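On a predicted model such as this, the values are computed, not experimentally measured, just so you know. Whatever order the structure lists ligands and atoms in, that order sets their numbers, starting from 1.
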Amino acid sequence: MRKVSIFGATGSIGQNTVDLISRAPTEYDVVALTGGANISQLAEDARNTGAQIAVTAYESRLQDLKDALSGSGVEAAAGQAALVEAASRPVDWVMSAIVGSAGLAPGIETLKQGATLALANKETLVCAGPLVLEMAKAHNAQILPVDSEHSAVFQALVGEDIRSVDRIVITASGGAFRDWPIEDLPRATVEQASKHPNWDMGQRITIDSASMFNKALEIIETKEFFDISPNQIEVVIHPESIVHALVGFQDGALMAHLGVPDMRHAIGYALNWPNRRELPIQKLDLAALGQLRFIAPDEARYPALRLAREVMESGGLSGAVFNAAKERALDLFIQRRIGFLEMTDVVSSVLDRFDGAKGHIDAALTLDNVLQTDHLARHWVDEAVLKRAG
Ligand code: NDP
């Protein structure tokens, strides 16, 4: 039996992973499941899968979790240290599906154990790509991408030499406001931004799709994971979300990965890798689809794409600043304290402030420095918003 753990089990990716694992209960021995506020889901899945331990990120919810698990024999734990402890338990395969930079420390701990890390948490590579990849190498651990675009590129590269790649094209749906007049965007509400045209995902990534901060993170993730130059990475809007990514080779061939928008494909690929197995996914009916559209993104509508390129140029800790500032700006948008377009303005101002702070730029890319920078960038977002309000 393969020993597996799922970090962020109560979320959208986590639940899809639980679904796949629960379909083959004799093949998987579940060690740890983690969640946040959704204690009842966490406890239910821990009981059903016979997990060794369930961890909530919030210490204040420990008693609730203990109550929900009472009589089950599943251990209950809470807090950041408990998440890292759970990641240190020996397993073969881990799903990293916590949202945000909170996924970084458990991910690094997983790699230290030499386990295979199925990485949905793109923030891990955005904040600390070189550090994480070095860690994987040092401990002989495999990282498998779960983001649909990166899984698609990974699959298109099987048997290929990365040096023969000319470009990588990742697709974007364009999000909830793709067809809105630009002048209406300042009034876009949280509810409107939380509706994705094609994918059923967590609220935060759905809003990030509307602003294209999600695609901005994915451009950086592409650079880090596949180690190619930023100018070889292209983004194209593809409203149908059927082609997930394309890899262009030096001989002009362009290999595309197509499939219905269902994350269980990328999760299942990472779970079964290097093999392929049947998955409970609808087959694509090309004739019924009829046509696929591809449109160049307008950077005036999606300024986050330009910010991603600036971040890649700066390197070092600027990915951690970018991600943390984006996460905090998103919190403030969800709390209705700033408008939709203000998210980009605020993130941009925090990146500028960081660029001006020489000592920070030169700091080494260690986990401690990433976490401190993350904290600082969030604080700077709050200061920038207060200044704007004043
Ligand atoms: P969700 O918001 O649906 O789920 C997030 C998970 O993380 C939940 O289990 C949540 O717990 C837990 N969580 C929230 N805050 C914390 C914290 N501070 N510490 C520890 N755990 C926490 O997110 P998604 O499943 O949509 O996304 C997860 C990751 O996968 C993200 O990095 C996202 O970018 C990436 N991804 C998602 C895709 C998708 O289709 N959803 C596609 C590709 C990548 P609880 O809900 O109990 O509070």
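Comparing heavy-atom distances from atom 7 (O) of ligand 1 across N16, D262, V99 singles out V99 as nearest. Closest to atom 29 (C) of ligand 1 by heavy atom, among I98, I205, T206, D147, is I98.
In this structure, F7 falls outside the shell of residues with a heavy atom less than 4.0 angstrom from ligand 1. Not a single heavy atom of R204 sits under 4.0 Å from any atom of ligand 1.
Where the criterion is an N or O separation shorter than 3.5 Å, residue side chain and backbone included, G35 fails it with respect to ligand 1. In terms of N/O distances under 3.5 Å, ligand 1 is approached by I13. Distances between N or O atoms of E123 and those of ligand 1 include at least one value under 3.5 Å. Taking distance alone, with nitrogen or oxygen atoms compared against 3.5 Å, A102 stays at or beyond that limit from ligand 1. The N/O atoms of N38, backbone and side chain alike, include one that comes under 3.5 Å of an N/O atom in ligand 1.
Look at R89 and E75 and you find a salt bridge, because one of the NZ, NE, NH1 or NH2 atoms lies within 4.0 Å of a carboxylate O, short of that distance. The pair D67-R61 fails the salt-bridge criterion, with no side-chain N (NZ, NE, NH1 or NH2) lying under 4.0 Å from an Asp/Glu carboxylate O. By the 4.0 Å N-to-carboxylate-O rule, E234 lies close enough to R167 to be salt-bridged with it. A salt bridge between E191 and K195 is absent, with no side-chain N of the basic residue lying under 4.0 Å from a carboxylate O of the acidic one. A salt bridge links E27 to R277: at least one charged side-chain nitrogen sits closer than 4.0 Å to a carboxylate oxygen. Salt bridge absent: D382 and R378 never bring a charged side-chain N and a carboxylate O closer than 4.0 Å.
Looking at N38, T10, D45 one by one, the single match for side chain to side chain donor-acceptor pair (under 3.5 Å) with Q15 turns out to be D45.
Each of the atoms 30 (O), 32 (O), 35 (C), 36 (N), 44 (C) of ligand 1 lies under 4.0 Å from some heavy atom of A120.
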